[in-house]
Number of protein chains: 4
Amino acid sequence: MARGVNKVILVGNLGNDPDTKYTQGGMAVTRISLATTSVRNDKDGNKQERTEWHRVVFFGKLGEIAGEYLRKGSQCYVEGEIRYDKYTGQDGVEKYTTDIVANEMQMLGGRGDGGGGGGGGNYERGNRPQRSAGGGGDAPQRSAPPQRQAPQQQRPAPMDDFSDDDIPF
Amino acid sequence: MARGVNKVILVGNLGNDPDTKYTQGGMAVTRISLATTSVRNDKDGNKQERTEWHRVVFFGKLGEIAGEYLRKGSQCYVEGEIRYDKYTGQDGVEKYTTDIVANEMQMLGGRGDGGGGGGGGNYERGNRPQRSAGGGGDAPQRSAPPQRQAPQQQRPAPMDDFSDDDIPF
Amino acid sequence: MARGVNKVILVGNLGNDPDTKYTQGGMAVTRISLATTSVRNDKDGNKQERTEWHRVVFFGKLGEIAGEYLRKGSQCYVEGEIRYDKYTGQDGVEKYTTDIVANEMQMLGGRGDGGGGGGGGNYERGNRPQRSAGGGGDAPQRSAPPQRQAPQQQRPAPMDDFSDDDIPF
Amino acid sequence: MARGVNKVILVGNLGNDPDTKYTQGGMAVTRISLATTSVRNDKDGNKQERTEWHRVVFFGKLGEIAGEYLRKGSQCYVEGEIRYDKYTGQDGVEKYTTDIVANEMQMLGGRGDGGGGGGGGNYERGNRPQRSAGGGGDAPQRSAPPQRQAPQQQRPAPMDDFSDDDIPF
DNA sequence: TTTT
DNA sequence: TTTT
């Protein structure tokens, strides 16, 4: 059920390593910053390049996978939906954020720095395949509930403390 | 050219009549507010409904069409890309906005109040059909709808008899 | 998991009432024929219209909903994936089919003839809402559990020789 | 204009080198065979893998680019529409084909064998970048990959007063 | 076979 | 602010 369609499809590269946190209930919440660049010709015939930095968030199993396999520079495909949020900053000012809540992810050929794992693999939200964490190779490392990492986006980063309810929405 | 994919697909209803403005150069810029609602079951098994309000913007010919045919309550399909912007408000505070820049639009069956014309029509950005501009403030107005043409296709219908295995693949 | 993305998004109208069958296991399998029409200008500047008829199939709960609510003429949004199948006809000749296996469906404003239910509602495959089958109005018709047919892949490659007209369509 | 939406999004790998032909009018028509693989658990809990081979066709400038840069094994993103065709074989039997007519293509990180250049580049149908045609039979050849450019956003107040430059971006 |  |  629902009324309407809210779908986003992105292919881009991560600006930083993923940031994974865990809710009290133990659910992974991974955030990445994903760049997509487009080029247009302005009316003077000059190429104009513009990059959008998308805040993408993965929940649950998908959050674990994203946190484990993606790295700064990784290229990936993301499918999800747009979620607009509003919160009041510590300065008492209302702020707005836009996130892409992913429900599918696919690693693509080109990795960034973090050498590591092989190519691809497509992951959806739901009753997904088992993936032994801490897996092979020089696979990603994950501490338990880690610290936020500096995104460079111009946009606010609302103190994410998640509760289990917060999520799938 | 470009690097990456930044694609949004929406089906929703307008919360208000479109707002059309014109640049000095005479280009139409139409903005709409489009609602998409999703329903999820929270962990207590209750239905939780959530509506996103998308700021959609149409430029040029598409802006004229959107301004002319869409109305408060209209249902439409929009395809476009996400654009994040930052600006400094009059209060000197930095603000952030997210827009969906449409490059395709399709009116769907259900209209809202603004009675007017019939159902659909799909419009893309580019060298599109001629449509008398001018429009501005008011209700739709349309020349005769295109006449039907005989399709020539036809394909087989393989007597499907299913077993349970057949399926989710 | 998986490797690659295979995604189809359609908005079109049903050419006929849905056809719902049930597997031995009781799973609904509903098929519809969905028309999408596009218009292009050929090189003589004439409008050329072309309609594709998509074979869309819905399984399980989604199949029940589609069978119950859609009707000839209904407009709907479908999301799914392309599946190519090959089978041997009763004449011993190999035949090929292409289906869109839907995993999401959304009824849109405009209905066809089948008066019946209200406007919209978005349905995904999975643990979906309860919907009393055999429902109201001039509800669906179904035949009994039928026999399986051999799917299989592989398809022909028709030696295409192009002319300039052939194209952008 | 048009009525309906017919959209396909694929990410997959080429099963063979592209096949480029030219119309009498000199337009490139490039065909590739693109694999997408999905994995599901059947009802016995076993993983079932299935690969779809999509026939993708690129016309014009996009056909030249696809023919020049893609190779067997290349991973790419394709956006297009489904086209069903029917023709009569030399044996007098009617045959059916399904093609994905691409209108956008993006090379992705992972290459197959055809060594060649780096990562990506997104190409749409339309008045696209200049690319020397000719290419024909052989391996990719590319000028230096585009240098990354300092992203960053920043744009005008939403008080929308537009200038003509503002736009298609 | 739909729809406008 | 829409829609069901």
Side-chain angles (χ1 to χ4, degrees), chain A residues 1-6 84, chain B residues 10-19 31-39 47 49-56 69-78 106-114 116-123 129 140 142-155 157, chain C residues 10-19 31-39 47 49-56 69-76 78 106-114 117-123 129, chain D residues 1-6 84:
Chain A
M1 249 188 309
R3 190 90 182 90
V5 173
N6 173 358
Y84 307 102
Chain B
L10 303 174
V11 174
N13 296 275
L14 280 77
N16 277 304
D17 282 351
D19 170 46
R31 292 183 167 279
I32 64 170
S33 191
L34 195 68
T36 61
T37 300
S38 53
V39 182
K47 272 198 181 103
E49 192 171 280
R50 183 184 159 112
T51 296
E52 306 300 331
W53 284 98
H54 304 88
R55 296 162 38 112
V56 180
Y69 292 119
L70 297 177
R71 283 296 170 269
K72 177 176 179 174
S74 295
Q75 187 179 217
C76 74
Y77 167 93
V78 165
Q106 159 104 2
M107 293 187 58
L108 301 175
R111 265 131 304 127
D113 51 5
N122 179 2
Y123 308 94
R142 286 224 256 145
S143 36
Q147 276 320 103
R148 215 311 190 48
Q149 248 160 268
Q152 71 263 58
Q153 248 136 296
Q154 197 128 291
R155 277 174 322 124
Chain C
L10 303 174
V11 174
N13 296 275
L14 279 77
N16 276 306
D17 282 350
D19 170 45
R31 290 182 168 281
I32 64 170
S33 192
L34 195 68
T36 60
T37 301
S38 52
V39 183
K47 273 200 180 100
E49 191 170 281
R50 182 183 160 110
T51 296
E52 307 299 330
W53 284 99
H54 304 89
R55 298 162 35 111
V56 180
Y69 292 117
L70 296 177
R71 284 295 169 271
K72 177 176 179 173
S74 296
Q75 188 180 216
C76 74
V78 165
Q106 160 103 5
M107 294 187 58
L108 300 176
R111 261 131 305 128
D113 53 2
N122 179 1
Y123 307 93
Chain D
M1 250 191 308
R3 189 90 182 91
V5 173
N6 172 359
Y84 307 103

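A quick note: this is a predicted structure, and the numbers were derived from the prediction, not measured.
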Between atom [atom1] in [X] and atom [atom2] in [N], what is the gap in whole Å?
X	N	atom1	atom2	result
B:Tyr69	E:dT4	OH	P	15 Å
B:Leu14	F:dT3	CG	C1'	11 Å
B:Gln75	E:dT4	CD	P	14 Å
B:Asp17	F:dT1	CG	P	15 Å
C:Leu108	F:dT2	CG	P	20 Å
C:His54	E:dT3	NE2	C1'	14 Å
B:Leu70	F:dT3	CG	C1'	15 Å
B:Arg71	F:dT2	CZ	C1'	15 Å

Residue B:Asn16, side-chain atoms from C-beta onward, closest of F:dT2, E:dT3, F:dT1: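 Per side-chain heavy atoms of B:Asn16, the pick is F:dT1.
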B:Leu70 vs B:Cys76, side-chain contact (heavy atoms from CB on, under 4.5 Å): CA-CA, chis, key distance, verdict: CA-CA 8 Å; B:Leu70 297 177; B:Cys76 74; 4.0 Å; yes
Sugar-phosphate, base or nothing in reach of B:Thr36, heavy atoms under 4.0 Å: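 The residue B:Thr36 makes no contact with any strand.
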Non-hydrogen side-chain atoms of B:Asp19 and B:Ile32 separated by less than 4.5 Å: no
Student check: side-chain heavy atoms of C:Pro18 and C:Lys72 closer than 4.5 Å: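 C:Pro18 vs C:Lys72: side chains apart.
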If you take atom types as modelled and just measure distance, does the side chain of [X] reach the base of [N] with a donor-acceptor pair under 3.5 Å?
X	N	answer
B:Ser33	F:dT1	yes
C:Thr51	E:dT3	no
C:Asn13	E:dT3	no

D:Val5 vs C:Leu10, side-chain contact (heavy atoms from CB on, under 4.5 Å): CA-CA, chis, key distance, verdict: CA-CA 5 Å; D:Val5 173; C:Leu10 303 174; 6.0 Å; no
pi-stack flag for B:Trp53 and F:dT2, centroid dist under 5.5 Å, interplanar under 30°: no
Check: C:Val11 main-chain N/O paired with C:Gln75 side-chain donor or acceptor under 3.5 Å: no
